[in-house]
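Computed over heavy atoms, backbone and side chain alike; hydrogens, waters and symmetry mates excluded. Numbering starts at 1 and runs along the sequence shown.
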Amino acid sequence: MRSHAFIDSLGSASMMAQIIDGKALALEMKNELKTQIDAWVKLGHRAPTLRCILVGDDPASHTYVNNKIQAAIYVGIDAQTIKRSKDISEEQLLAEIEQLNADANVDGILVQLPVPETINERKICNAVAPEKDVDGFHVSNVGKLCLDMPTLVPATSLAVIQMLKRYNIDTLGRNAVVIGRSKNVAMPIAMMLHTDKRHDSGLGMDATVTICHRYTPKDQLEFYCRHADIIVTATGIPKLIKADMVKPGATIIDVGITKVTDENGKSRLVGDVDFDEVSKIAGALTPVPGGVGPVTVTMLMHNTFQVAQSRVGKSLTA
């Protein structure tokens, strides 16, 4: 576990922010997972399996799926991409998912989002068998999360919680602000941040949570952020969080990612946080890229192994 000695008893910042290195943390966690999966296979179990359905030609989606496949291979998961045309009908896609649901040799299933507009995204997410839903998007898994029950948690949300835990960020009774209200990212983060850690899921962080979003007045957003010990922002609005909105020593997890073009015509990825200025005020801060993203992919591998273990009723930690 990493120590986080940047918030003193008065909550003031004593130095430049500690950078929460998602790439390094993801590698550490993948190596741990690789060791666990190796041990699992040596016990006589087959390797965990993951099937990724990729619909259409969106370059970003292809990149995301490729990253997931490479991570799976690294940790010892049998992963394959099932590519389908953007013209596939909703009925055909549902039939594809049902076939994977029925395949006893498939542990985890994910459908890379977004899907074409002709297809109902929620219907597709709910078509994946909840016990194989490594994205954690099925209504059954979302409901269990809201009730503090053990379940498959959306990978990005789980990545945020794991980063806080691994960097030993104190959350007990702290004020946390979550900016965003998507049901796949921000809502699960807020749920886990406020939940009692004594409950069955084991993911509770015992924080006091405020949720802000696009209709939160600017002055109110600034007020809540200035009083927050922890800020998690997931809006996709570049430089939404300025230095004057940050409490000295606060921890900031930047989930947002947007491609922008600079004055020289070059494109780059940025987060929701004005990184250069906020890093002078915050106690700990994730970069974009190289922050939440790599850990998200690793959490997807974690979920896939969790499914493989649950399907045979065994766990290396049992």
Side-chain angles (χ1 to χ4, degrees), residues 19-38 47-84 86 97 100 106-116 121 124-125 128 132-137 152-163 166 182 184-185 188-189 232 234 236 253-260 267-272 286-308:
I19 303 305
I20 299 178
D21 188 340
K23 288 183 178 179
L25 181 56
L27 179 58
E28 177 184 309
M29 298 177 77
K30 283 191 294 185
N31 285 334
E32 291 173 3
L33 193 54
K34 185 178 188 302
T35 298
Q36 293 171 356
I37 292 175
D38 286 344
T49 57
L50 174 65
R51 298 296 178 262
C52 306
I53 301 177
L54 177 59
V55 181
D57 303 315
D58 179 64
S61 291
H62 278 258
T63 298
Y64 294 147
V65 169
N66 182 63
N67 289 342
K68 293 169 185 177
I69 296 297
Q70 293 304 313
I73 292 171
Y74 182 86
V75 301
I77 292 173
D78 171 10
Q80 297 177 20
T81 303
I82 300 170
K83 297 180 181 179
R84 294 294 179 259
K86 65 180 180 180
I97 293 170
L100 294 174
V106 172
D107 295 318
I109 304 168
L110 70 84
V111 180
Q112 181 64 42
L113 301 179
V115 291
E121 182 176 293
I124 295 303
C125 290
V128 177
K132 294 188 176 187
D133 170 36
V134 292
D135 267 333
F137 293 165
L152 291 162
V153 177
T156 302
S157 307
L158 189 57
V160 170
I161 299 304
Q162 287 298 323
M163 294 174 91
R166 294 262 178 162
S182 71
N184 295 341
V185 178
I189 291 170
V232 181
I253 307 294
D254 191 350
V255 185
I257 185 165
T258 307
K259 182 180 285 189
V260 299
S267 62
R268 61 191 179 95
L269 297 175
V270 299
D272 292 356
T286 60
V288 176
V292 176
V295 183
T296 295
V297 174
T298 304
M299 290 300 94
L300 184 65
M301 302 307 114
H302 162 86
N303 283 355
T304 302
F305 185 39
Q306 179 181 328
V307 170

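Separating the CE atom in Met163 from the CE atom in Met29 is a distance of 9.5 Å, to the nearest 0.5 Å. Going from atom OG1 of Thr298 over to atom CD of Gln162 covers 10.5 Å, rounded to the nearest 0.5 Å. In this structure, CZ in Phe305 is found 12.5 Å from NZ in Lys34, a value given to the nearest 0.5 Å. Taking SG of Cys52 as the start and CD1 of Ile109 as the end, the distance is 10.5 Å to the nearest 0.5 Å.
Residues passing the side chain to side chain contact (heavy atoms under 4.5 Å, CB included) test with Thr156 are Val185, Val255, Val292, Thr296, sequence neighbours excluded. Judged as a side chain to side chain contact (heavy atoms under 4.5 Å, CB included), and not counting sequence neighbours, the contacts of Ser267 are Lys259, Thr261. Scored by the side chain to side chain contact (heavy atoms under 4.5 Å, CB included) test, Glu32 finds Glu28, Arg166 as partners (sequence neighbours excluded). Remark: Pro289 engages Leu269 in a side chain to side chain contact (heavy atoms under 4.5 Å, CB included) (not counting sequence neighbours). With sequence neighbours excluded, the residues forming a salt bridge (charged side-chain N to carboxylate O under 4.0 Å, His left out) with Asp107 are Arg46, Arg311, listed by chain and number.
No donor-acceptor distance shorter than 3.5 angstrom exists from the side chain of His302 to the backbone of Lys30, with no hydrogens or angles considered. With hydrogens and angles disregarded, no donor-acceptor distance shorter than 3.5 Å links the side chain of Thr286 to the backbone of Ile253. Under the 3.5 Å distance criterion, the side-chain polar atoms of Asp135 are left unmatched by any main-chain donor or acceptor of Phe137.
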| field | Steps toward side chain to side chain contact (heavy atoms under 4.5 Å, CB included) verdict (Ile53, Val55) | value | CA-CA 6 Å; Ile53 301 177; Val55 181; 4.1 Å; yes
| message | side chain to side chain contact (heavy atoms under 4.5 Å, CB included) for Leu54 and His62? Distances and angles first, verdict last. | response | CA-CA 7 Å; Leu54 177 59; His62 278 258; 3.4 Å; yes
| task | Decide yes or no on side chain to side chain contact (heavy atoms under 4.5 Å, CB included) for Lys132 and Arg51, but give the supporting numbers first. | result | CA-CA 10 Å; Lys132 294 188 176 187; Arg51 298 296 178 262; over 6 Å; no
| task | Begin from the C-alpha positions of Asp133 and Val307 and carry the test side chain to side chain contact (heavy atoms under 4.5 Å, CB included) through to its verdict. | result | CA-CA 8 Å; Asp133 170 36; Val307 170; over 6 Å; no
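Pro154 approaches Gly136 most closely through the heavy-atom pair CG-O, 3.5 Å. Taking all atoms of both residues into account, the shortest heavy-atom contact from Leu113 to Cys125 is CD1-SG, 4.1 Å. The shortest non-hydrogen separation linking Gly291 to Pro294 is O-CD, 3.3 Å. Asp272 and Gly256 make their closest contact through OD1-CA, 3.4 Å (heavy atoms, listed as atom of the first residue, atom of the second, distance).
In this structure the side chain of Ile37 never reaches within 4.5 angstrom of the side chain of Met301, judged on heavy atoms.
A side chain to side chain contact (heavy atoms under 4.5 Å, CB included) with Gln306 is found for one member of Val153, Leu152, Val134 and no other, namely Leu152.
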Check residues 68-83 and write down every donor-acceptor pair under 3.5 Å in which the side-chain atom is one partner and the other belongs to a residue at least two apart or another chain.
from	atom 1	to	atom 2	distance (Å)
Lys68	NZ	Gln112	OE1	2.7
Tyr74	OH	Asn31	OD1	2.5

